[in-house]
J.: 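Here it is, the structure, as structure tokens.
Since the structure is predicted, the reported quantities are computational estimates derived from the model, not experimental observations. What's counted below: heavy atoms across the whole structure, side chains too, no hydrogens, waters or symmetry copies. Indexing begins at 1, ligand by ligand and atom by atom, following the structure's order.
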Amino acid sequence: MDIRALVADPAAPASLRLGTVREPEPAAHQLVLDVRHISLNRGEVEFAGQLPPGTVHGYDAAGVVSRAAADGSGPPAGARVAAFGAAAWAQRMAVDTGAVAEVPAGVGLADAAALPMAGFTALRTLRTRPILGRRVLITGAAGGVGRYAVQLAALGGAHVVASVGSRARAEGLAGLGADEVVIGLEGIDRPVDLVLDTVGGAQLVALWGLLAPGGDIQHIGWASGEPAEFPPHSLFSLGASRTLSTFGDAREVGPDLATLLGFVAAGRLSAEVDRRDSWENVAEAADALLARRVAGKVVLDVDPVPAP
Ligand SMILES: NC(=O)c1ccc[n+]([C@@H]2O[C@H](COP(=O)([O-])OP(=O)(O)OC[C@H]3O[C@@H](n4cnc5c(N)ncnc54)[C@H](OP(=O)(O)O)[C@@H]3O)[C@@H](O)[C@H]2O)c1
């Protein structure tokens with residue numbers, strides 16, 4: 001059977017168009033999800049034009065299981081789940097059962113679709129060290145990863161410093177748990193123990209100078225697209241080593257997704273869906289995300305597969 005999907009097309013606006021593809025064939029450890037909502041992430045939108053034309057794009061989805069995994073793992077048919085996996089932006093996706101989590105009653109599927117990539121990235125980078133009572137700096141704090149990181153760092157007992165690009169982008173962050181909201185790195189008067197950096201560029205160089213001995217920068221993304229030039233000898237450090245760590249661990253995210261959904265169900269985490277639209281309007285939504293007009297997440301509604 002054919003289904004509709006958002007596929008890469010370098011000639012289309014935002015390099016994405018709704019096309020028709022064959023329904024996915026699940027492996028034994030995969031379930032089939034009837035997708036109801038998807039979410040966009042900056043990295044996917046930025047790199048859509050580099051995919052082979054016709055590739056089904058996207059990683060974040062939520063919907064209803066239409067076929068359980070053949071090996072007996074994972075949720076049964078009819079379960080509401082959030083999912084993380086390739087080729088998510090389609091009416092149906094085949095996804096590893098280790099990369100899904102059931103959505104608790106009371107949590108909407110649109111909110112669930114917002115969580116996967118940005119949520120587990122924030123959770124996993126914050127979990128790299130104890131943060132209770134420590135100073136945690138989050139750059140790009142107004143964005144998708146950033147708004148989850150601010151909330152989760154506050155939940156973990158950190159003193160949260162949220163960095164944004166402009167005064168307008170500071171809106172709402174104190175309410176999410178930021179103790180300080182700064183424009184760029186202006187006004188940070190004491191060293192920080194952990195940085196979650198999604199911006200890169202010259203700001204990454206400056207971040208190094210703000211790091212306490214023993215502190216770590218979790219390098220998540222490079223939204224600025226600008227080069228970072230470290231002056232000679234600037235990485236020398238007296239005392240406990242300071243570190244710059246890469247992050248890109250998307251293995252077995254199911255349990256972390258369940259944790260995030262549990263926080264949402266308990267009212268401890270907001271999904272921060274700032275823009276909700278039909279997937280027909282993916283180009284406008286992608287433009288808004290790239291232009292820094294989205295405070296948090298973009299979620300798009302997917303037309304369901306017609307009933308047989
Ligand atoms: N390593 C991984 O596994 C992983 C996972 C998820 C995301 N990422 C990466 O992390 C970054 C953030 O992702 P996201 O989904 O949170 O993106 P997002 O929602 O678009 O947020 C990005 C933030 O970066 C800030 N920014 C600063 N300078 C910018 C510039 N020149 N152009 C655009 N934005 C700029 C913006 O803050 P202001 O508007 O306040 O200036 C914006 O809020 C992306 O680079 C993404 O690819 C990596």
Side-chain angles (χ1 to χ4, degrees), residues 14 38-51 57-60 84-86 88 99 113-128 137-153 161-174 176 178 180-186 195-207 217-228 244-253 256-257 260 270-275 285-300:
I38 57 174
S39 79
L40 310 186
N41 294 288
R42 169 172 289 270
E44 297 155 342
V45 172
E46 278 179 352
F47 296 113
Q50 295 177 26
L51 291 174
H57 201 14
Y59 287 88
D60 292 346
F84 175 82
L115 292 171
M117 187 184 301
F120 75 68
T121 297
L123 187 71
R124 288 185 168 187
T125 49
L126 286 167
R127 272 206 192 123
T128 53
L137 170 59
I138 294 153
T139 69
V145 174
R147 293 183 101 80
Y148 291 147
V150 167
Q151 295 178 80
L152 294 169
V161 184
S163 162
V164 294
S166 63
R167 188 162 303 282
R169 298 287 280 169
E171 199 178 323
L173 291 172
L176 294 179
E180 301 173 41
V181 183
V182 296
I183 316 293
L185 303 178
E186 283 292 304
V195 180
L196 269 51
D197 182 37
T198 60
V199 172
Q203 193 166 283
L204 175 58
V205 179
L207 286 170
I217 299 174
Q218 288 281 316
H219 167 58
I220 294 171
W222 207 291
S224 69
E226 293 162 4
L244 173 60
S245 305
T246 60
F247 176 76
D249 186 357
R251 291 170 295 177
E252 291 290 316
V253 298
D256 286 345
L257 258 182
L260 293 163
S270 157
E272 293 299 292
V273 178
D274 185 46
R275 188 179 173 119
D287 281 353
L289 184 61
L290 293 185
R292 300 149 83 168
R293 295 198 307 270
V294 177
K297 295 292 301 179
V298 176
V299 168
L300 301 181

J.: Just to be sure I understand the cut-off, which residues have at least one non-hydrogen atom under 4.0 angstrom from an atom of ligand 1?
T.: Arg42, Gly43, Met117, Thr121, Gly140, Ala142, Gly143, Gly144, Val145, Val164, Gly165, Arg169, Thr198, Val199, Ile220, Gly221, Trp222, Ala223, Ser224, Phe247, Gly248, Leu289, Arg292

J.: Could you tell me if the side chain of Val164 sits less than 4.5 Å from the side chain of Glu171, heavy atoms only?
T.: no

J.: In Å, rounded to the nearest 0.5 Å, how long is the span from CG of Leu196 to OG1 of Thr139?
T.: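 Reported to 0.5 Å precision, the distance equals 8.0 Å.
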
J.: If you round to the nearest 0.5 Å, how far is CE of Met117 from CZ of Arg42?
T.: 13.5 Å

J.: Are side-chain heavy atoms of Leu244 and Asp197 found at a separation under 4.5 Å?
T.: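 Side chain of Leu244 against side chain of Asp197, heavy atoms only: no contact under 4.5 Å found.
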
J.: I'd like to check Trp222 versus Val199 (side-chain heavy atoms, cut-off strictly below 4.5 Å). Are they in contact?
T.: no

J.: Specify the closest pair of heavy atoms between Leu126 and Ala153, including all atoms of both residues, with the distance to one decimal.
T.: CD1-N, 3.5 Å

